Amino acid sequence: MKIHNTLSGKTEDFEALDGKVNMYVCGITPYSASHIGHAMMSVIFDVVRRYLEFKGYDVRHIQNFTDIDDKMILAANSTGIDVADLAESNITDYLAEMDALNVARAHEYPRATAEIGKITEIIAKLIEKGYAYPVAGDVYFRVNQDEDYGKLSNRDLDGLIAGARVEVDERKENAMDFALWKSQKPGEPAWDSPWGMGRPGWHIECSAMAIKYLGSSIDIHGGGRDLIFPHHENEIAQSESFTDEVPFSRFWMHNGMLRLGEDKMSKSIGNIVTVGEALSSYSPDALRLFFLSSHYRAPLLYTEANVAGQERALERLKNAVRLASAASVGSTIDASPAKAQFVEAMDDDFNTPRALAAMFDLAREINRGKDEGADVLGAQDTLRELSGVLGISLDETAETSGAGPFVQMLVNVRTELRAARQFDIADSIRDRLSELGVTIEDTPEGTEWRIG
RNA sequence: GGCGACGUAGCCAAGCGGUCUAAGGCGGGGGUCUGCAAAACCCCUAUUCGGCGGUUCGAAUCCGCCCGUCGCCUCCA
């Protein structure tokens with residue numbers, strides 16, 4: 001299979017010799033509720049993982065929480081909540097929302113604040129090797145010492161300095177040197193270190209966690225496009241300088257941004273739709289379908305109409321796997337061509353739009369087969385299987401309200417009314433049940449109903 | 001200013017040198033089935049791929065210019 005590698009800018013063959021794939025995905029900074037851009041990122045890498053597992057790889061998936069940084073402190077101070085409590089609360093919500101979206105749990109969710117030992121160990125070694133220098137309680141990474149700095153984002157130091165938007169800190173040797181350790185300011189949480197009380201800089205926590213949980217050379221490192229620079233660039237610089245192993249990650253995967261209106265969805269701009277809000281309006285599977293309706297590297301525009309359309313599309317797939325009447329003719333619907341197309345599309349850098357097209361084609365064939373009386377059971381199983389690879393379930397959720405027997409009674413009464421050609425009353429029952437969320441369909445085999 | 005993307009039907013979105021008079025979904029129109037619906041099926045809904053040139057036997061796909069949009073350049077998934 002092929003995966004696009006940000007590092008080379010090319011789509012390259014991917015294989016893992018020992019059948020094992022180490023995948024590190026940059027998680028969230030839990031300073032406020034997560035938005036659907038985060039959800040999209042999580043769903044995308046969830047599908048990457050599920051597909052790799054479908055291909056037979058043994059995937060180890062690590063996703064971190066950066067639970068200490070400027071924004072965490074700012075948010076905690078402005079609400080009067082302890083930084084740790086704020087993180088805990090947002091992490092709990094995030095995980096619950098990801099569960100709702102059927103995102104498989106990562107094998108570990110390390111947190112920056114729990115890895116201070118590994119972080120200081122790396123910083124100390126970087127200083128020892130000449131890649132970093134302490135200044136009055138802070139420690140900076142010496143970018144000039146790193147020969148290939150800028151290789152991921154394809155930038156050179158001169159261009160970066162010229163375009164710098166922030167004031168240069170005079171204590172740094174080079175304007176592009178970045179903080180590995182920040183000394184404590186009044187009122188800030190801090191940990192002990194050889195350079196005094198302080199906290200880790202933004203990028204070092206990911207290097208520490210990736211190396212600790214996956215080793216010094218990993219297979220796939222993922223995250224949003226906006227992390228390419230500076231975050232991932234700096235992670236590479238730190239990690240490779242520390243371990244002397246190149247590459248730190250063989251593949252770098254970056255997903256396109258989810259846009260709301262004209263801009264990238266961003267907590268600081270304030271154009272946010274939270275995951276909770278999205279889940280209250282749309283089904284998890286429709287949201288997944290929406291995220292996967294465009295290629296993961298392309299930007300996607302979030303609009304009500306777009307997601308609502310996916311709700312209908314999802315129905316289409318679900319209808320195709322509903323019980324079919326027994327096969328009456330000898331033919332059988334063969335799902336293998338559709339499955340082959342699905343695999344071919346996914347093998348090509350996770351081309352989910354094309355994979356979905358194969359699934360919709362299969363759904364049509366199944367429906368056609370149902371009409372003709374062909375055996376569609378095997379094809380339906382295949383459609384369920386392919387949906388499962390995308391983390392989408394097509395089977396109805398069990399009715400849990402306890403209203404089942406009563407609905408069934410109304411449906412039975414309506415059937416008697418129809419037999420007596422009392423259509424006005426029968427239609428009235430159907431309309432009222434529909435208002436209550438019960439869908440009724442009259443088929444040659446009898447009346448079917450479902451809630452939702 | 002630098003780096004990187006993108007512009008395909010009413011909307012979303014594949015395709016990236018011939019099989020493209022361009023996949024799939026949503027929406028819309030017509031039909032079949034049905035007591036009527038719903039679901040499903042069938043047909044139609046881009047002779048054309050932002051614009052203008054060029055390369056080529058052949059371009060939505062490659063090159064150049066122009067127009068427009070977006071991301072990043074130490075808040076960011």
Side-chain angles (χ1 to χ4, degrees), chain A residues 6 9 25-29 31 34-42 44-45 63 69-71 74 150 153-156 158-166 175-179 201-203 222-231 233-234 254-259 262-269 289-290 293-295 297-301 303 305-320 322 341 345 351-361 363-364 366-372 418 421-424 426-427 430-431 434 439-444 447-448:
Chain A
T6 308
V25 178
C26 272
I28 58 162
T29 300
Y31 74 96
S34 298
H35 58 65
I36 47 177
H38 298 127
M40 178 169 89
M41 180 274 295
S42 300
I44 284 169
F45 286 102
Q63 184 166 148
D69 83 329
D70 294 352
K71 292 194 296 332
L74 212 64
S153 55
N154 196 21
R155 293 155 208 251
D156 59 71
D158 293 342
L160 282 169
I161 293 164
R165 297 186 305 197
V166 291
M176 297 317 296
D177 288 350
F178 55 89
W202 176 28
H203 320 294
R225 266 197 116 64
D226 51 353
L227 294 183
I228 294 174
F229 188 91
H231 190 235
E233 192 69 73
N234 290 171
H254 295 280
N255 65 276
M257 297 293 101
L258 185 65
R259 291 193 298 140
E262 288 306 301
D263 298 304
K264 177 182 77 167
M265 196 167 294
S266 160
K267 290 183 190 175
S268 48
I269 297 174
L289 212 47
F290 169 67
S293 69
S294 91
H295 186 84
R297 282 190 284 122
L300 183 59
L301 183 65
T303 66
N306 287 167
V307 189
Q310 297 304 325
E311 203 78 68
R312 294 285 307 114
L314 176 67
E315 272 307 305
R316 186 172 172 72
L317 293 175
K318 284 185 170 182
N319 284 332
R322 283 218 178 83
Q341 281 172 13
N351 193 322
T352 52
R354 238 164 71 207
L356 286 168
M359 287 166 57
F360 283 106
D361 284 342
R364 171 171 283 113
I366 289 169
N367 289 329
R368 208 179 285 160
K370 280 181 181 174
D371 283 357
E372 292 163 358
R418 289 177 67 222
R421 305 194 67 81
Q422 300 271 74
F423 296 122
D424 285 355
D427 289 351
R430 182 174 63 198
D431 291 344
S434 173
T439 303
I440 297 242
E441 289 180 19
D442 297 322
T443 75
T447 299
E448 292 174 6

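Every value quoted in this text rests on a predicted model; they were computed, and no experiment measured them. Order of the sequence lines fixes the chain letters, A, B, ..., with proteins taken first and strands second; residue numbering starts at 1 for each chain.
Under the 3.5 Å distance criterion, the side-chain polar atoms of A/Gln341 are left unmatched by any main-chain donor or acceptor of A/Ala358. In this structure a side-chain-to-backbone donor-acceptor pair under 3.5 Å is missing from A/Ser434 to A/Arg430.
At the heavy-atom level, A/Asp442 lies under 4.0 Å from base atoms of the strands shown. A/Ala305 comes within 4.0 angstrom of nothing in the nucleic acid, heavy atoms only. Using a 4.0 Å heavy-atom criterion, one finds that A/Gly27 contacts the sugar-phosphate atoms exclusively. Residue A/Asn255 is in base contact, counting any heavy-atom pair closer than 4.0 Å across all strands shown. The residue A/Phe229 sits close only to the backbone: its heavy atoms come under 4.0 Å of sugar-phosphate atoms, none of a base. At a threshold of 4.0 angstrom between heavy atoms, the contacts of A/Ile440 include nucleobase atoms, whether or not backbone atoms are also involved. The residue A/Arg418 sits close to a base: some heavy atom pair falls under 4.0 Å.
What separates CZ of A/Phe360 from C1' of B/rG24 is a distance of 7 Å, to the nearest Å. As a whole-Å value, the separation of A/Asn367 CG from B/rA39 P is 12 Å. The interatomic distance linking A/Glu448 (CD) with B/rU34 (P) rounds to 17 Å, in whole Å. Nucleotide B/rC3 holds its C1' atom 11 Å from the CZ atom of A/Arg225, rounded to whole Å. Rounded to whole Å, the distance from CD on A/Glu311 to C1' on B/rA39 is 17 Å. Distance CD1 (A/Ile228) to C1' (B/rC70): 14 Å, rounded to an integer number of Å. Straight-line distance from the CG atom of A/Leu314 to the C1' atom of B/rG24: 15 Å, rounded to whole Å. Put simply, NE2 on A/His231 is 12 Å from C1' on B/rC75, counting in whole angstrom units.
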Taking only N/O atoms, report every protein-nucleotides 27-32 of chain B pair under 3.5 Å with atom names and distance.
from, atom 1, to, atom 2, distance (Å)
B/rG27, OP1, A/Arg312, NE, 3.3

Measure all distances between protein nitrogen or oxygen atoms and nitrogen or oxygen atoms of nucleotides 12-15 of chain B, and list the pairs falling under 3.5 Å.
from, atom 1, to, atom 2, distance (Å)
B/rA14, OP1, A/His295, N, 2.6
B/rA14, O3', A/Asn351, ND2, 3.2
B/rG15, OP1, A/Asn351, ND2, 2.7

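To the nearest whole angstrom, the two P atoms, one in B/rC6 and one in B/rA22, are 24 Å apart. Separating the C1' atom of B/rA5 from that of B/rA37 is a span of 48 Å, rounded to the nearest Å. B/rU45 and B/rG10 are spaced 10 Å apart, taking the C1' atom of each and rounding to whole Å. Remark: the separation of the P atoms in B/rA13 and B/rC70 is 15 Å, to the nearest Å. The separation of B/rG1 from B/rC11, taken at their C1' atoms, amounts to 37 Å, rounded to a whole angstrom. For the C1' atom pair drawn from B/rG64 and B/rC20, the interatomic distance equals 25 Å after rounding to whole Å. Separating the P atom of B/rG71 from that of B/rC66 is a span of 22 Å, rounded to the nearest Å. With C1' as the reference atom, B/rA46 and B/rA9 are 5 Å apart, rounded to whole Å.
The distance from the CG atom of A/Leu300 to the CD1 atom of A/Ile36 is 9.0 Å, given to the nearest 0.5 Å.
Ranked by how close their nearest RNA chain B nucleotide is to the 5' end, A/Leu356 and A/Asp424 are led by A/Leu356.
Taking 4.5 Å as the limit, some side-chain heavy atom of A/Arg316 sits within range of a side-chain heavy atom of A/Arg364. Here the side chains of A/Tyr31 and A/Leu74 are not in contact, with every heavy-atom distance at 4.5 Å or above.
A/Arg430 contributes a side-chain N or O that forms a donor-acceptor pair with the base of B/rC36 under 3.5 Å. Residue side chain A/Asp156 does not reach the base of B/rG2 through any donor-acceptor N/O pair under 3.5 Å, judged by distance alone.
Taking a pair as Watson-Crick or G-U wobble with both distances under 3.5 Å, the runs of three or more consecutive pairs in RNA chain B are B:1-7 with B:67-73, B:10-12 with B:24-26, B:27-32 with B:40-45, B:50-54 with B:62-66.
In this structure, A/His231 and A/Trp202 have parallel ring planes: the angle between them is below the 30° cut-off, well short of the 60° mark.
Between A/Arg421 and the phosphate of B/rC36, there is no side-chain N or O to OP1/OP2 separation shorter than 4.0 Å. Considering only side-chain N and O atoms, A/Arg364 lies under 4.0 angstrom from the phosphate OP1 or OP2 of B/rG25.
Taking the side chain of A/Arg368 as heavy atoms from C-beta on, and the options B/rC76, B/rC41, B/rG35, the nearest nucleotide is B/rC41. Listed nucleotides B/rC76, B/rC26, B/rA39 differ in distance to A/Asp226; the shortest reach to its side chain belongs to B/rC76.
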